[in-house]
Amino acid sequence: MNFKTCIRCGCFFSSNDSVCPNCKTKDEIDKTSLKQCLANSEIPKNYESLSYLSGVSVKNINRILEAKEFSSLKDSFNDIDINL
Ligand SMILES: [Zn+2]
């Protein structure tokens with residue numbers, strides 16, 4: 001069994017995911033919020049505005065947008081080169 005450190009909360013867990021089961025649920029909620037925000041064309045597409053409007057931290061936005069399902073949405077960002 002492989003133990004990993006959750007990249008979201010730092011706890012130890014065993015799974016093939018990069019986040020623990022608790023945070024996986026939170027990630028799903030964040031993904032839903034982000035999708036809703038990204039679908040709204042009135043919203044400026046940068047990480048800070050998105051973080052403010054979705055309640056998802058910039059750190060988590062940065063990570064979540066790496067997911068394949070967001071690859072097309074990510075193209076609409078103004079400041080994609082944000083460094084944390
Ligand atoms: Zn976690």
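Atom set for the values below is all heavy atoms of this structure, side chains included, hydrogens, waters and symmetry mates excluded. Given the structure is predicted, the values throughout are model-derived calculations rather than measurements. First listed ligand is number 1; within each ligand, the first listed atom is number 1.
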Under-4.0 Å salt bridge between E66 and R63 =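 Judged by the 4.0 Å cut-off on N to carboxylate O distance, E66 and R63 do not form a salt bridge.
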Run the salt-bridge test on D30 and R8 with the 4.0 Å N-O cut-off and return the result as yes or no.
->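 Here D30 pairs with R8 in a salt bridge, since their nearest N and O are under 4.0 Å apart.
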Trace of the side chain to side chain contact (heavy atoms under 4.5 Å, CB included) decision for L38 with L65 | CA-CA 11 Å; L38 286 166; L65 292 184; 4.2 Å; yes
Between SG of C20 and SG of C9, what angle is found at the Zn ion (ligand 1), rounded to 10 degrees?
->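 Approximately 110° at the metal, rounded to tens of degrees.
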Quick one: the SG of C23, the Zn ion (ligand 1), SG of C6 angle, rounded to 10°, please.
->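 Rounding to the nearest 10 degrees gives 110°.
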Look at the N, O or S atoms of C11, main chain and side chain alike, and state whether any lies under 2.8 Å from the Zn ion (ligand 1).
->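 No - counting backbone and side chain alike, C11 has no N, O or S atom under 2.8 Å.
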Go through the steps to decide whether V56 and L50 satisfy the test side chain to side chain contact (heavy atoms under 4.5 Å, CB included), and finish with yes or no.
-> CA-CA 8 Å; V56 182; L50 203 61; over 6 Å; no
